[in-house]
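The block underneath contains the structure these notes are about, expressed in structure tokens.
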Amino acid sequence: MKKYILLLALAVLSFACSEKFIDRQPEDNLSIGNYFTNPVEIKTGLVGCYKKLQSIYTSLGDYLPHTVELMSDDLKDFHLTNSFHLFTKTNSDSNPNLWIYGYKLIVNCNNILAAIDGYQAKDAAEERVIKAYRGEACFLRALSYFNLVRLYGDLPMVTEPFDDPDNAFGIGSTPVTEIYNILIIPDLEYAVSNCYNKGDPALRGEEARATSGAAHTILGKVYLTINNPSKAAETLKKLIVDKTDGDYSLFPDYQNLFFPVNKFNSESIFEVNYNTAAGQPSDFFRWMCPDIGTVLCAKKQREQVGVEHNLMREFVNNNETIRYTTTIDSGKVPAASPPLQPWARKLSPPPAEVKTYAVIAGCDYNFPVTRYADALLMYAEALMLLNQKSQALDYINMVRERAQVPLLTDPESLTIDDILHERRMELAFEGHRYFDLVRTGKAIEKISYALLTKIDHDNQINRVGPIEMYQLLLPIPIAEIEKDPTLSQNPGY
Amino acid sequence: MKKIPVSLPGNRIIYLPKLLIIMKLTTFLLLLKLFTLSAIGFSQAEKVTLSLTNAKLKELVSLVEQQTSYKFLYRDDEVDGLLVNVSAQETPLDQVLDKTLEGSNFDYKILANNLIVIASNEILQQQKITGTVADKSGAPLPGVNVVVTGTTIGTITDIKGNYSLDIPQGSKSLTFSFIGMETKEVAIGSLTQINTIMNELEIGLDEVVVIGYGTIRKRDVSTAISSVSSENLKDKPVSNFAQAISGNMAGVSVTTTNAAPGGGSQIHIRGIGSINASTSPLFVVDGFPLKDGFDKYENPLNSINPADIESIEVLKDASSSAIYGTQASNGVIIITTKSGKTGKPTISINANVGYQKRINKVDILNAKDYLKYFEDARRMAYLVEDPNWGTNDPEAVLWQWTDTPEARIANWARYSQHATAMQDPGSMHYRWITTVDSMANSPYNTDWQDATTRIGKVGDYQISATGGTENFSYIVSGGYYNQEGVVPTTGYERFSLRAKVEAKINNKLKVGLNLSPSFENLSVLNTDLSDGLGAQPHLTNPLMTPLIACPLVPVFDPDGSPHFTGANNFDFTYWNLTAYVNPYHVYQKTDKRLTGRNLATIYAEVKITDKLTFRSELHNEIRNWERNTYSPSTAATRNTRTDRTQGLYEIKSRFYWNLQNILTYQNTFNKHSLTLMAGYSADEAKYRSSYINKYDFPVDQINTLNQAITILNAQNDANTKRSSEALIGSFGRAMYNYAGKYYFTASIRRDASSKFGKDHQWGTFPSVSFAWRVSDERFFEPLKQFINDWKIRGGWGKTGNSGIGNYNAISTLGAMNYVLGKSSAVSAAYETNKVANSALGWETNTDWSIATDIQFLKDRISLSVDYFYRLTDDLLYKKPLPVITGFDSYLTNIAKMRNRGFEWVLTTRNLTKGLRWTTNFNLYYFRNRVIDITSPLNGDGTYITENRPLGCLWGPADLGAFDDWEDVKTHPIFGATTALWRTRSNPGTPKIADVNGDGILDASDYTVVGSPYPDFTWGMTNSFEYKGFDLTVQMNGTRGGDINMVSYGTTAQGNGQTNVTYFYFNNYWTPDRIDGRYACPTRKSYDKSDVTGALIFKGSYMNIRFVTLGYTLPGSIIQKLRMGNARLYLNIQNALMLTRFPGYNPEVSSKGDDPTSQGLDRGAYPLSRTVSLGVNITL
């Protein structure tokens, strides 16, 4: 009898330490709390911010490059039904992918910034490294906010991690100017002073990281966007004239500029990196309409988009050959309808090679967020706005010379239209055109023209009337407004 | 200890300790059936010398035993007052005894082996009765207890069913009893031979029911428990017990969501218990609570061999299941396997072989009708580009439906958007508006459904042996089950073994061991293949493609290889037919899953006192699952004739143990009966998995992954994972009843699980239940002749649901990587991938139930009615979060849902003599409502919102087609804001309700279009028995419940590229049939309309699920064959399925048991009829 009681007692006691028994921590994942405690770990968090760029600058529909090109007058969807392209977005059709991934990058940056701010560097060398990390996180956060405010206007401004997710309710929106002044500009200024320069030994093998030059370029773009040409000129001058950020120059050969072998060349300022061998392929070449996609045997022709013929017309009328053939494949398929189905081939392998991608995941083409030619043309724009037109001409001609088109000679006749033309030829499908049009106030005119005019085979019109001013901002995702009613919908929607 | 051999009939000899015999004579008499022994004469050689005065009998016995070889048997208490006076010198023993007992009330008798019994006259002066006991088929019944009613005097029948019994004078009747048979009382009168037939027990109120951590008499049940016995499982060649019991129990819906061999069944008890956590009940096998989840392709229940199951008990309400605490909110299914039976070894063999054939086809067009539909689709495509529509003047329409193909081409070549392209004679646009000759002249009329099914086979072979002695029992069994599905490549195979031994070490201690290894081999036909486009999975699903495949193309090319049905620029199919994957190309892909599993249990039970028992059980499971897939280069895709070779190897293993210690106290005093139980359990499960995915195999012959060349994504394509979980619980229960009339039970359990947040790791789950046997009340007496038993019972309880993944409460960092440089070297990256929620806790299910059980007319009719109300609170739900947190939701306990409903069970014994006929009917319904969620959730074709059932079907409210221009002008249309008329609605295109009233038809007009839950479900089993024949007909059905055939979109508006059904073909819009039920087929559609709402069908059905006809060989033949029993039977599964649902399987659920996605048909495995023959032999 006694021994049975003993047995019973033993059985019960053996699990007396139950609290410990049921406390289980993940065995195949890090859990938060005891991580990001040294520069090596902090860097993995920073790389986690960079990683999000691949979610934002991806080839898929409803993501940034695709969307802003469809909204511009350069790209159209094959069936003429895309609501970004036709500017028929409504409250209930307020696709949130741009918003979701934009904020996901911001949240990752906030998390790692908080970790960095809580870390005490051991020595000056480590301090330098940590500050560069901080600068890069600031750069990425500013870049994401910059994209979001240009697409959505006023936004919730979040700069710190949420300890309790319930605190994320009731934040409301912050006016665009405040976001520029409180967040974007200071972040970029911090990045300018703390990121490494291009070519710094610390960046060897890690050229995809943000540099002070990248920060300068985006800051210049911010100033141009908020209509402050003098600050823009001042900022870009440091990059271009003072060369405070290292040595930048135009890559000599435009045709080969985008080839993966020429990644991170002398012209490169900031690129989103892709690499098939590392399991991170890009597939911008899938921006092909169905018939072409089938003819080229590239499977997964998911995004059925084609080039607006008015863009082709602009290339042809200006005798552009190098930039035209590098940017667009005329997509002639006699049996197809229409027989010309041009597609954006700038970030694609040559048509003859596309076939091989039928069974391979994707290719190595990077997405250029900005490059030196963009900086030069922005600087020219700022100078022109400051009425320093002949200087402006010099920088435009640097770009034109490389493209082997005649140089401009008459400073007095230089207008914003020339600059927009130059940017369109040079930077097509790199995500700039729509923002350029909005920034310069030409959006309604140019986009409506593309939507409502029949040009060559581009003879199908599926919109009644020009686009309206309010449509230049996207509707705030309705799901977010439903979650937090302190967020208000953009006017007009 | 001295042992005494005692002879039994049949020359068997048992050795018993002497001590035992003397002390427990009464028991002994009963046990060994002493009075069947015939007295034998004394040996004259045995003489005694003794002298006793007023001595106790004991002294006499002692002296005699010293001097002779005789032994005595008597009852101490009986002979207590007997004083003996004797004096003898070398006198024969019989004389001594005769003299000694003369005048007393006692006598003696001498048995074999020199055993002398001394007992009172009334016991010893008897009459002898002999007879034979048989079952209704005439087979002799060995081992039947035959007892003189009201006494302990009795015997058992021998192997031929014969008995012989000496009975005391004045005995009135004999009682015959046998496990599984109705106890029978026969009057003796003046008979000396009593032959009788025993009937099988039908409603065993005296049966024992297994409840959590204990058992209870069925009569004493005060909660909602349904049982099925092995009877319901036998003779059915099914891979798991769930298939056999479908429709057998009210409140338990068992649906075969995937009819493929080894495929998943779904079990829901009393409604739907959760949204994001598990909705499956807990399975407890011989006390071992398993951790099996649900899988659409693989049914974890398969590893339990149905032939090994003795009984299944379903704990339906919280008052019965709360003892399982956090695992019980969806009910508990307790499976008890067969145990060893003491006695002569019995060997049973069961073999069953059958064939399967598909029972239904979807009625799709043959080649001739296909061409007509094909042409109509092209007329419509032609019409929508009438340039006059572009003038916004529909009245000015020029082009006509009746235009000839030549006119259509001419008009398009001049005016359409494709005019330029059509200048080229090679333009494929002609195919949009005309049927090419090569198509019309195709010699084929392929029936793809027939071509992709075959005759399936099923075989089920079982052997078991059981036996034992009083102190040791064993059962060992082996089974082999094999099924070849009706769709090529599908199959399932199981080897299972089971051994169960129990030994009584002494009076107090009993130990046992159970082992049940099983090995399963499953061949899966993957229906979720991606075609790389991420859309239109029905074009790759080999269960869907036969429905949309064109009858004008062959299945195989002349060389025997599968015909390529993908995009093909060079034959007539291009731009005429949708590119899809020929099922025979998919069949080339292999997906093999192997599961090895062993359940092991050791236990010890200690009887601390008569009333107090301690039991300790240690259970252990080792499960190893392995998956091998290979996709050869020859398996064509939609776009390519050859594909990149790919192989995948995956292992998942689980090591799980569970320890339980249970203390039970049971006592009965006067009319009070009390059972107390307290226990403690702890378990831990560890999971391991590894996964490798490689590409580019040089050859197809060898597809182990060492051959493959490429790993695409190192981080995701080759990985291992690990996790663990732990659960501890302590529990107690008190069951009290007074005179079997008033019952009260209360239980409580306190659980802690590793899955929940620090703040909510512990939960407490109480329950109470009561019952009142009204029929035992005095006032009920007058009614008792009609209603022999009436019980009212009810209960309340709380249970929890911990059926979620591990670590949901903890925020973790997700590992990623990014290439920072020009080379492919990657840098590690981490980001937060989950919101931590330290308050994450149980889902709490509160359950009220009230019920009544009535037996009419001496159990001829019995009726049970249950009402239940389940309120599930703190449901885990993804609470929406602003995206500015980095997440759009997090899992937290916020939602609330209820299920309520009724259950009726009616059992009638219609005929009981000669032809015996029993009917069991049950009907069950539940109503589910989501009461509280923070925000509606759009699922995949479903919608969750408050005050509606969970997971309503969601889509456009179909209004058919626009009749004419008048209709288009007066009703909101698709594409209203677009300029091109072809992107707008026009006559013949789909029309839906403008639900939001904004005057525009689009996705924002989607609404709730149905509920997947049936109005009610029912089941009925009729059993007939006549002489040696038995017939069982088991049917079940549902009424109502909507099914959306989502993937069949092309059958509600044909696209002129895929096949459609006749119900569409006969009802679509044409200019001369403008009231057609469906939209006109069209080769080109630009209006962005959606027809999924047109494909909602009622899933009502009635299925004769099993018909079993058996014949038991009569006893005379059996004896000649020297067998215990032999039975032949014929079984038909899915004998008759009646339904108006046009798809394959009205129980389909494409997403398995995901409660938010029920009622969606994305292509089902065809149902098949199985006809099998079996034989069942006992040796």
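Proteins get letters first, then strands, A, B, ... in listed order; numbering begins at 1 in each.
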Measuring heavy-atom distances to chain B, does A:Leu30 have an atom under 4.5 Å in its side chain, in its backbone, in both, or in neither?
-> both

Report yes if some heavy atom in the side chain of A:Asp166 is under 4.5 Å from a heavy atom in the side chain of B:Tyr890; otherwise report no.
-> yes

For A:Gln280 and B:Asn817, run side-chain contact (heavy atoms from CB on, under 4.5 Å): C-alpha distance rounded to whole Å, both residues' side-chain angles, the deciding distance at 0.1 Å, then the answer.
-> CA-CA 9 Å; A:Gln280 298 167 25; B:Asn817 59 63; 2.4 Å; yes

Point-to-point distance, once rounded to the nearest 0.5 Å, from OH of B:Tyr687 to CG of A:Asp28 = 13.0 Å

B:Asn719 portion near chain A, given a 4.5 angstrom heavy-atom threshold = neither

Could you tell me which portion of B:Thr832 (side chain, backbone, both or neither) has an atom closer than 4.5 angstrom to a non-hydrogen atom of chain A?
-> both

For A:Ala168 and B:Pro882, the nearest pair of non-hydrogen atoms, with its separation, is O-CG, 3.4 Å

Between A:Gly465, A:Ala479, A:Gly279, the one whose heavy-atom pairs under 4.5 Å with chain B are most numerous = A:Gly279

Contacting moiety of A:Ile171, where chain B heavy atoms sit under 4.5 Å = side chain

Heavy-atom pairs under 4.5 Å with chain A are the metric here; pick the option from B:Val835, B:Thr934, B:Thr977, B:Thr983 that has the most.
-> B:Thr983

Considering all heavy atoms, the nearest B:Gly821-A:Glu207 contact = CA-OE1, 3.6 Å

Which of the residues B:Met816, B:Lys822, B:Lys879 is involved in the greatest number of heavy-atom pairs with chain A at under 4.5 angstrom?
-> B:Lys822

Nearest heavy-atom neighbours spanning B:Ser824 and A:Asn275 = CA-ND2, 3.3 Å

For B:Tyr695, is it the side chain, the backbone, both, or neither that has a heavy atom closer than 4.5 Å to a heavy atom of chain A?
-> neither

Residue B:Leu881 versus chain A: region with a heavy atom under 4.5 Å = both

How long is the span from the CG atom in A:Asn273 to the OG atom in B:Ser827, to the nearest 0.5 Å?
-> 10.0 Å

Inter-residue atom distance B:Asn837.CG - A:Asp164.CG, 0.5 Å rounding | 9.0 Å

Does a side-chain heavy-atom distance below 4.5 Å link B:Ser724 with A:Glu27?
-> yes

By a 4.5 Å heavy-atom criterion (distance strictly below it), what part of B:Asp1002 contacts chain A: side chain, backbone, both, or neither?
-> neither

In short, A:Arg209 meets B:Leu820 closest at the heavy-atom pair CG-CD2, 3.8 Å

Close side-chain approach of B:Asn806 and A:Arg24, heavy atoms under 4.5 Å | no

Gap separating the CG atom of A:Asn110 from the OG1 atom of B:Thr885, nearest 0.5 angstrom | 11.5 Å

Contact part of B:Asp696 toward chain A, heavy-atom cut-off under 4.5 Å: side chain, backbone, both or neither?
-> neither

Select, from A:Pro165, A:Ala277, A:Pro260, A:Pro156, the one with the greatest count of heavy-atom pairs under 4.5 Å involving chain B.
-> A:Pro165

Residue A:Val272 versus chain B: region with a heavy atom under 4.5 Å = both

Are B:Glu831 and A:Val107 close enough that some pair of their side-chain heavy atoms sits under 4.5 Å apart?
-> no

Measure distances from B:Lys1088 to the heavy atoms of chain A and classify the residue's part below 4.5 Å as side chain, backbone, both or neither.
-> side chain

Considering only heavy atoms, which portion of B:Leu727 lies under 4.5 Å from any heavy atom of chain A: side chain, backbone, both, or neither?
-> backbone

What's the shortest heavy-atom distance between B:Val819 and A:Ala278, and which atoms?
-> CG2-CB, 3.4 Å

To the nearest 0.5 Å, atom CG of B:Asn833 lies from atom CG of A:Asn29 at 6.0 Å

Report the option among A:Gln460, A:His457, A:Glu480 that has the most heavy-atom pairs separated by less than 4.5 Å from atoms of chain B.
-> A:Gln460

The residue among A:Val158, A:Asp484, A:Ile100, A:Leu487 that forms side-chain contact (heavy atoms from CB on, under 4.5 Å) with B:Ile884 is A:Val158

Should A:Asp23 and B:Gln761 be marked as a side chain to side chain donor-acceptor pair (under 3.5 Å) after you check the CA-CA gap, both sets of side-chain angles, and the distance that decides it?
-> CA-CA 9 Å; A:Asp23 179 24; B:Gln761 250 160 353; 5.2 Å; no

When the 4.5 angstrom heavy-atom criterion is applied to B:Phe887 and chain A, the contacting part is side chain

Can any side-chain N or O of A:Asn462 pair as donor or acceptor with the backbone N or O of B:Thr978 at less than 3.5 Å?
-> no

With a cut-off of 6.0 Å (strictly less than), are more than 12 heavy atoms of other residues, nucleotides or ligands near OH of B:Tyr1086?
-> yes

CZ (A:Phe264) with more than 12 external heavy atoms under 6.0 Å = yes

Would you kindly check if the NZ (Lys) or CZ (Arg) of A:Lys43 is within the cone defined by 45 degrees around the ring axis of B:Tyr830 and under 6.0 Å from the six-membered ring centre?
-> no

Measure across B:Tyr818 and A:Gln54 and return the closest heavy-atom pair with its distance rounded to 0.1 Å.
-> CE1-NE2, 3.3 Å

